[in-house]
J.: 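Mind having a look at this structure? Questions to follow.
These numbers come from the heavy atoms of this one structure, side chains and all, not from hydrogens, waters or symmetry mates. The first residue of the sequence shown is numbered 1, and numbering continues consecutively from there.
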Amino acid sequence: NAGAGRDADGLRVAECCEQVVIRDCIVREGAAGLTFGSETPGGIRRVTAERITVHGPVPVGLLFKSAPTRGGFVQDLRITDLH
């Protein structure tokens with residue numbers, strides 16, 4: 001589930017994004033190979049990411065984004081085979 005909303009709506013709903021599986025991806029552009037955030041008021045939990053390959057002009061492999069005003073938490077991430 002990723003429907004917590006943005007800004008004030010996200011803070012009001014504060015629904016957790018959880019039980020997500022990401023696998024067998026090739027990333028060729030973007031801010032990162034794998035990004036968590038920036039809307040985090042309900043938290044992020046139980047995410048598995050595996051076999052992610054990053055090519056091209058992608059600046060970083062793994063990026064966490066949030067702000068002190070957004071709150072939330074991150075727990076139980078399992079990231080394997082991020083190249």
Side-chain angles (χ1 to χ4, degrees):
N1 178 7
R6 292 185 60 171
D7 300 324
D9 189 48
L11 291 168
R12 181 184 57 78
V13 175
E15 189 172 322
C16 185
C17 179
E18 60 186 335
Q19 298 186 13
V20 176
V21 177
I22 306 160
R23 74 169 53 108
D24 299 318
C25 295
I26 297 173
V27 179
R28 298 188 190 281
E29 12 179 310
L34 188 59
T35 302
F36 293 90
S38 63
E39 299 299 330
T40 58
I44 299 168
R45 131 173 84 218
R46 291 192 293 274
V47 176
T48 299
E50 56 192 22
R51 299 185 301 273
I52 312 296
T53 302
V54 182
H55 292 289
V58 179
V60 295
L62 183 59
L63 178 62
F64 291 89
K65 304 186 323 181
S66 191
T69 57
R70 291 203 165 108
F73 59 88
V74 177
Q75 62 183 205
D76 195 17
L77 301 182
R78 295 170 190 207
I79 302 169
T80 60
D81 299 319
L82 174 61
H83 300 276

J.: Excluding sequence neighbours, so at least two apart, what forms side-chain hydrogen bond (donor to acceptor under 3.5 Å, both in side chains) with D76?
T.: R78
J.: Roughly how far, to the nearest 0.5 Å, is the OG1 atom of T35 from the CG atom of L62?
T.: 8.0 Å
J.: Between CD of Q75 and CZ of R46, what distance do you get to the nearest 0.5 Å?
T.: 7.5 Å
J.: Would you list the pairs meeting salt bridge (Lys or Arg N to Asp or Glu O under 4.0 Å) in which at least one residue belongs to residues 24-37, sequence neighbours left out?
T.: D24-R51
J.: Any ring-ring contact (aromatic ring centres under 6.0 Å, His included) pairs touching residues 19-65, not counting sequence neighbours?
T.: F36-F64
J.: What is the minimum heavy-atom distance between G30 and P59, and which atoms define it?
T.: O-CD, 3.4 Å
J.: Out of L34, V20, V47, which residue meets the side-chain contact (heavy atoms from CB on, under 4.5 Å) rule with L77?
T.: V47
J.: Could you work out, with ring pair (Phe, Tyr, Trp, His ring centres under 6.0 Å) as the rule, every residue matching F73, not counting sequence neighbours?
T.: none
J.: If you link I, L, V, M, F, W and Y whenever their side-chain heavy atoms are under 4.5 Å apart, who else ends up in the same group as V60?
T.: L63
J.: Please report the interatomic distance CD(E50) to SG(C25), rounded to the nearest 0.5 Å.
T.: 10.0 Å
